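Below: the structure, in structure tokens.
This is a predicted model, so every value here is computed, not measured.
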Amino acid sequence: MVHQQRSQPRLSRTGDTEDMVMSLAPRLAYFAGVARTEHVTRAAQELNVPQSTLSRAMVRLEQDLGVDLFARRGRTVSLTPAGRTFLTSVERALAEIGRAAEEVRADADPATGKVAFGFLHTMGAETVPGLLHAFRAGHPRVRFSLVQNHGEAMLEGLRAGELDLCLTSPVPDAQDLVARRLDEQKLRLVVPADHRLAARRRVRLAEAADETFVTLEPGYGLRRITDDLCQEAGFKPRVAFEGEEAETLRGLVAAGLGVALLPPPTVPRPGVVELTVTAPRAVREIGVAWRAGHPDTPPVAAFKKFLLSRRGSLLP
């Protein structure tokens with residue numbers, strides 16, 4: 001049979017692409033089955049659909065495309081040149097869909113699934129490795145995709161579906177998110193070893209009102225907490241340097257470039273002294289957040305339950 005262009009396709013070449021895909025997609029597996037068997041009856045048996053349904057689907061598919069995909073001889077069919085071209089792409093698309101289905105099934109597997117977990121940079125050296133070690137004692141094959149970032153970026157990752165859970169500070173208060181407070185961490189005023197306050201063990205934050213501060217960049221939760229605590233102490237901090245990582249700030253303090261409000265270090269840093277802040281109460285709350293109304297896969301649900309069980313003992 002000579003390939004013919006149909007005179008009145010249902011969807012024009014300039015039609016909306018999304019409408020075209022929605023119209024064609026349900027019939028692609030049927031088309032591949034008929035093309036593979038070159039027989040409508042056998043294809044209907046393999047696909048477990050009525051023969052009449054399959055025949056109508058192929059006719060509608062050709063009408064939507066505006067070309068003949070098959071040359072017909074009774075119930076036996078053979079592909080036209082257009083049909084062979086179409087089959088190559090259809091088989092590739094179906095294989096990709098199959099791979100995607102296997103991937104999402106694997107990620108949801110209770111024993112071997114995946115959790116996309118975000119956390120603050122300051123929790124990456126000790127807290128998160130300890131949590132993962134404890135969790136995997138009971139779930140040894142669960143996989144993790146780990147993302148370190150500042151709080152605002154992680155909340156956007158939750159909203160975009162890129163993260164399942166995140167540890168963040170401050171604990172967010174948003175209608176589209178659910179958050180639970182897990183623990184709190186004391187913040188210290190970090191000063192150079194030769195600083196005028198270095199001989200002290202405790203200090204009121206107001207005593208640092210005239211100091212130059214080094215802080216994290218705007219958008220980081222610790223920066224917001226620093227600004228709020230200084231405001232509560234009656235001053236606005238003079239910021240000389242902004243960074244992205246707490247240990248870098250400690251290095252700047254050690255170099256005599258300012259003071260900083262920071263959580264405790266994983267290991268002591270030479271060249272600095274860390275002072276307890278007596279007023280105002282200098283702490284940051286650590287919480288876990290997730291999307292409201294979003295169903296959890298079994299591995300995500302298990303890890304969420306584990307994190308919530310660590311309320312009050314999250315930090316080392």
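- In summary, the side chains of Glu38 and Ser78 do not present any donor paired with an acceptor at a separation below 3.5 Å, with no hydrogens or angles considered.
- Phe135 pairs by the ring pair (Phe, Tyr, Trp, His ring centres under 6.0 Å) definition with His139, Phe144, Phe303, Phe306, not counting sequence neighbours.
- Salt-bridge annotation for Glu211 and Arg238: absent, with no side-chain N of the basic residue lying under 4.0 Å from a carboxylate O of the acidic one.
- Transitive grouping of hydrophobic side chains (ILVMFWY, heavy atoms separated by less than 4.5 Å) keeps Leu229 and Val171 in distinct clusters.
- A salt bridge links Glu274 with Arg250: the closest approach of a Lys/Arg side-chain nitrogen to an acidic carboxylate oxygen falls below 4.0 angstrom.
- Using modelled atom types, no side-chain atom of Glu102 and backbone atom of Arg99 make a donor-acceptor pair closer than 3.5 Å.
- Salt-bridge formation is detected for the pair Arg60/Asp64: a Lys NZ or Arg NE/NH1/NH2 atom is positioned less than 4.0 Å from an Asp or Glu carboxylate oxygen.
- Take Arg223 and apply the side chain to side chain contact (heavy atoms under 4.5 Å, CB included) test, not counting sequence neighbours, and it matches Thr215, Leu216, Pro218, Tyr220, Asp227, Val239, Glu242.
- Side-chain atoms of Thr37 come within 3.5 Å of backbone N or O of Gly33 as a donor-acceptor pair.
- Using a cutoff of 4.0 Å between basic side-chain nitrogens and carboxylate oxygens, Glu184 and Arg181 are scored as salt-bridged.
- For the side chain to side chain donor-acceptor pair (under 3.5 Å) condition, the pairs that include at least one residue of residues 107-118, sequence neighbours left out, are Asp107-Arg143, Asp109-Thr112.
- For Glu62 and Arg72, the salt-bridge test passes: some basic side-chain N is under 4.0 Å from an acidic carboxylate O.
- A side-chain donor-acceptor contact under 3.5 Å links His150 to the backbone of Gly219.
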In a table with atom names and distances, give each donor-acceptor pair under 3.5 Å that connects a side chain of residues 82-89 to protein atoms at least two apart or in another chain.
residue : atom : partner : partner atom : Å
Arg84   : NH1  : Leu79   : O            : 3.2
Thr85   : OG1  : Pro81   : O            : 3.2
Thr88   : OG1  : Arg84   : O            : 3.2
Ser89   : OG   : Arg92   : NH2          : 3.4

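- For residues 116-133, the set of pairs meeting the side chain to side chain donor-acceptor pair (under 3.5 Å) definition, not counting sequence neighbours, comprises Thr122-Arg284.
- For the side chain to side chain donor-acceptor pair (under 3.5 Å) condition, the pairs that include at least one residue of residues 300-316, sequence neighbours left out, are Asp296-Lys304.
- No donor-acceptor pair under 3.5 Å is formed between the side chain of Thr76 and the backbone N or O of His39.
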